[in-house]
Amino acid sequence: MALLTDSMALARWRDSCRQRGGAIGFVPTMGALHAGHLALIQAARQQCAHVVASIFVNPTQFGPNEDFSRYPRTPEADRELLAGVGCDAVYMPEVGEIYPEGFQTAIRVEPLTLDLCGRSRPGHFDGVGVVVTILFNRVRPDVAFFGLKDYQQYQLIRRLVADLAMPLRVVGVPTVREADGLALSSRNRYLDGEARVRATALYRGLLAARQAWRAGERQVAVLERVARDVLERAGIEAVDYVAVREAQTLRVITSFTESMADPVMLMAVRVGGARLIDNMVLSREDGAGLSL
Ligand code: AMP
């Protein structure tokens, strides 16, 4: 697997791919890789002749009181994992390579990013939008792969790519979970034994809401209450949000109609030292069918 640490090396790698032909698939990450990330690489491997991942802990998407400095960094293990699933190249730029002296451009996708995680993490999605745009311009992929685990982020990227007419396709990959349902996340490392057990309540809450949906419940407030009850019974008091939204636009649902697109339930909570998020499309199997 090629290790690309600067844009010149990346450009040479890309040119050699272009000469050989076939699509370039791209998987942006912040490293501390786990099986969720690897599912994205595997999806790229299936759909593209060339696969490149990036590892970049993006400072602009962390708030001043967030975990940028303690975010897990495991570059050697990451490279082994990537090579093990057949990734062709990894781009690991320094901060100055992405944000050179004098950088001043901002990207905002609103109203999509004002609510949910955007409300409690002001500026977070602006940082995501700008770094993904820069990475796309450097890598110039044909297809980019994102996890549905970060559902609001996934919808932001789709909007950004459509609005700015970026010449690439965005694919959403279903959430990879532990056997007990906890969505894999680099931040799960922050959970100690007892918090790790409580963290299973996110998935159980989502499943309870989906069961209620399937039983015919159509009141948003009731669906949200069902999931909140599961969280509260598990002793999770720091609930940031539990919300049912329209799955493509994340708009508030006032009432369900026949023609309505799918409802997605999204949640964010604090457990132990970690902020955890999860989501589920209530009307479908987990995330299935949403890779557009
Ligand atoms: P991150 O390194 O957290 O920025 O994540 C990089 C990519 O991996 C994003 O597109 C995430 O949505 C995706 N991802 C993270 N965790 C999972 C998971 N459990 N299942 C599927 N994709 C994931």
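First listed ligand is number 1; within each ligand, the first listed atom is number 1. A quick note: this is a predicted structure, and the numbers were derived from the prediction, not measured.
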As a quick check of understanding, evaluate salt bridge (Lys or Arg N to Asp or Glu O under 4.0 Å) for Asp67 and Arg275, giving each step before the final call. CA-CA 10 Å; Asp67 56 348; Arg275 184 177 189 276; over 6 Å; no

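- Ring planes of Phe103 and Tyr99: perpendicular class, angle over 60° (limits at 30 and 60°).
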Could you go through the ring pair (Phe, Tyr, Trp, His ring centres under 6.0 Å) check for Phe26 and Tyr91 one step at a time? CA-CA 10 Å; Phe26 176 43; Tyr91 177 46; 8.0 Å; no

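- The heavy-atom pair separating Ala32 from Thr74 by the smallest distance is CA-OG1, 3.3 Å.
- With sequence neighbours left out, Arg18 forms a side-chain hydrogen bond (donor to acceptor under 3.5 Å, both in side chains) with Asp142.
- No more than 12 heavy atoms of other residues, nucleotides or ligands lie within 6.0 Å of CD in Gln211, so this atom counts as exposed by the packing criterion.
- The immediate protein surroundings of ligand 1, defined as residues with any heavy atom under 4.0 Å of it, consist of Pro28, Thr29, Met30, His34, Gly36, His37, Leu40, Tyr71, Phe146, Gly147, Lys149, Asp150, Gln153, Pro174, Thr175, Val176, Leu184.
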